[in-house]
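So the structure is just underneath, and the comments pick up after that.
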There are 2 protein chains.
Amino acid sequence: MTPDLQTDDLRPDYEDDRNFATTLARGLSVLRAFRAGDDGLTNAQIAERTGLPKSTVSRLTFTLGCLGYLTQPQRNDRYRPGPTLLAMGHVAAASLAFLDPAQDMMQALADQTGTLVLFAVRDRDKVALMRTWRPQRAASIWLEVGHRLPIGSSSSGLALLGASTRDEFAALLAEGPEAPLDGTPLADLRMQARNQLIAQGFAVVPQGLRYSTNISAVSVPFRSARLAGPVAFSCGALDDVLPADRIQAQVGPMLRDTVARLQRLVGTDGIPAWSGSPND
Amino acid sequence: MTPDLQTDDLRPDYEDDRNFATTLARGLSVLRAFRAGDDGLTNAQIAERTGLPKSTVSRLTFTLGCLGYLTQPQRNDRYRPGPTLLAMGHVAAASLAFLDPAQDMMQALADQTGTLVLFAVRDRDKVALMRTWRPQRAASIWLEVGHRLPIGSSSSGLALLGASTRDEFAALLAEGPEAPLDGTPLADLRMQARNQLIAQGFAVVPQGLRYSTNISAVSVPFRSARLAGPVAFSCGALDDVLPADRIQAQVGPMLRDTVARLQRLVGTDGIPAWSGSPND
DNA sequence: GCTGCCATTCCACTATGCGGAACGCAAGCC
DNA sequence: GGCTTGCGTTCCGCATAGTGGAATGGCAGC
């Protein structure tokens, strides 16, 4: 079994072959093999996760080691994220500076609703959790930062779809995201999501498409001037804590209003992330 | 003038030539060209910052674009950090999870002392600021996250030096960090720093080595099990706010005790980061 | 000592990435 | 309108950087 297989067939079909730097893509896929949970990976594990031949991995990890992106505490030990990688992370983190004011608002939201609040970004064909806020007292430790959700069947993914411009959507499709369970085309889902956002300001996954049968969630997209695409905030909990009617009546609106307050605070024109025509 | 020249002569002397993947290193240096401040870089800017030829940069940005590390909001526009880069940042960020409990402690420290509190990590031949806490009321906006300090002449750098093991120090030297102004060898500085840490639990830059003539700072190293090397917390302010005697009598000890409390909280055996013989 | 398991090293091959120069495009300016 | 400047992409022959299967060398442990 290959639980976590990342088998990027790097160079999907970026027809523009000639300009695509394979070595770079492979090296990055090595870095990407590291997940929040596991600390330390052996070359063999990396090879398995990336699908690259061992000798190639060996050379790449060597290079990344030289540059400080990976470190081996002692020789012949597993690799861990190195200082340079951390430093690079901050550049990314800086783009997320708007989360500083969000911090308290989202924590409060988590406490008031008793749900897990998530902040998520599209990562290729998935949605990656970048931050979570747990209600103070309560609840199953449940989704880790770094976890990746399917785009087509998570409410976070839907919110991103609904908020994406035509170009962004095209770019997204090119990553070949997994289709939702019932085969609804992503373009349709995008319109559904957009309609939900326009009608009520938040998005939920339609019945029957939920990838998890006992977790409910509701999501709202967000845009920052500093960021290229939309991102999403979500509230999630076990079904019995968060039934559909509670989403509609309480949690959805609260999330929507919280995000709107943040949007105003951060000052990105106060225009909701999904506004504009589907073709803009 | 080349203000920000990054002229990594990648492949310094990693004799092990054959195994070094140049393309990967170059691609990463492109990503590293992005700083917290500037949003969006043109290919030409990247070429200037990295010292790579234009055509090479073009191909690399193309690749990074395909993979989502960079995005062009619209074609032929400047590149910005993309979603994949953000997602990768979180892996790094996850290694810094221990900063969550630090959050409040450091903010309180900033408020009480009226100094800027910094969290810094070594990044190749420099020290990179990863987080800052400003005193609530007060003070010049002054050092941005992402800023890089010289190792040999900043107190953060000294703390890292003093806390590094023999191997870590060797690795650090290999990056060829800038020597301090008066030419003191880094090995000597490391011993001085270590002595300061043993004697009083915090480190300051010796008179005359300060790279900035009107800013004073004091630093304490820290270790997390999840991290490969030591990191540092510092308090800094303008000279007149933070004269040497105030560091000794008040701010230094407060910083030391705060970090010690964090160290205990996080549970990394409570052993100070600099303990052990210089050769361990 | 035998057996997995993992990392590193070797080596011949060729696709890959290189970079100077040419091209195309869009602004700004006489 | 034409001339210039600056940027990004494309072209293309060349050298070599990167490849990956197989062999080698260490560890650890029923």
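Chain letters run A, B, ... following the sequence lines, proteins first, then strands; residues in each count from 1.
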A:L24 CG - D:dT19 P separation (whole Å)
11 Å
For A:E168, the side-chain contact (heavy atoms from CB on, under 4.5 Å) test, sequence neighbours excluded, returns A:S164, A:T165, A:R223, A:P230
Here the distance between atom C1' of C:dA7 and atom CG of A:L41, to the nearest Å, is 15 Å
Please determine if A:D123 and A:R32 form a salt bridge, counting it only when a charged side-chain N lies under 4.0 Å from a carboxylate O.
yes
In whole angstrom, give the distance that lies between atom CG of A:N43 and atom P of D:dC27.
16 Å
Qualifying residues under side-chain contact (heavy atoms from CB on, under 4.5 Å), relative to B:T56, sequence neighbours excluded
B:R26, B:P53, B:R59, B:L60
Axis-to-axis angle across the helix from C:dC2-D:dG29 to C:dC30-D:dG1, five pairs an end, to 10 degrees?
40°
Taking CZ from A:R78 and P from C:dC6, how many angstroms apart are they, rounded to a whole number?
10 Å
Provide, to the nearest angstrom, the distance between the CZ atom belonging to A:F20 and the C1' atom belonging to D:dT9.
18 Å
Flag side-chain contact, heavy atom, 4.5 Å: B:M130 against B:V121:
yes
Separation of atom CZ in A:R49 from atom P in C:dC6, rounded to whole Å
14 Å
B:F233: ring pair (Phe, Tyr, Trp, His ring centres under 6.0 Å) partners, not counting sequence neighbours
B:F119, B:F222
Any side-chain heavy atom of A:T42 within less than 4.5 Å of one from A:R78?
yes
A:A21 backbone acceptor or donor facing B:T63 side chain under 3.5 Å:
yes
Please determine if a side-chain N or O atom of B:N19 lies less than 4.0 Å away from the OP1 or OP2 oxygen of C:dT8.
no
What is the minimum heavy-atom distance between A:G157 and A:V127, and which atoms define it?
CA-CG2, 3.7 Å
Please list, for nucleotides 18-24 of chain C, all pairs of protein and nucleotide N/O atoms separated by less than 3.5 Å.
from	atom 1	to	atom 2	distance (Å)
C:dC18	OP1	B:R26	NH1	2.9
C:dC18	OP2	B:R59	NH1	2.6
C:dC18	N4	A:R18	NH2	3.0
C:dG19	OP1	B:R26	NH2	3.3
C:dG19	OP2	B:R26	NH1	3.0
C:dG19	OP2	B:T56	OG1	3.0
C:dG19	N7	B:S55	OG	3.2
C:dG19	N7	B:R59	NH2	3.0

In whole Å, I'd like the distance from the CD1 atom of A:I46 to the C1' atom of C:dT8.
14 Å
Check whether any side-chain nitrogen or oxygen of B:S58 sits under 4.0 Å from OP1 or OP2 of D:dT9, and answer yes or no.
yes
side-chain contact (heavy atoms from CB on, under 4.5 Å) against A:A193, all qualifying residues, sequence neighbours excluded:
A:L158
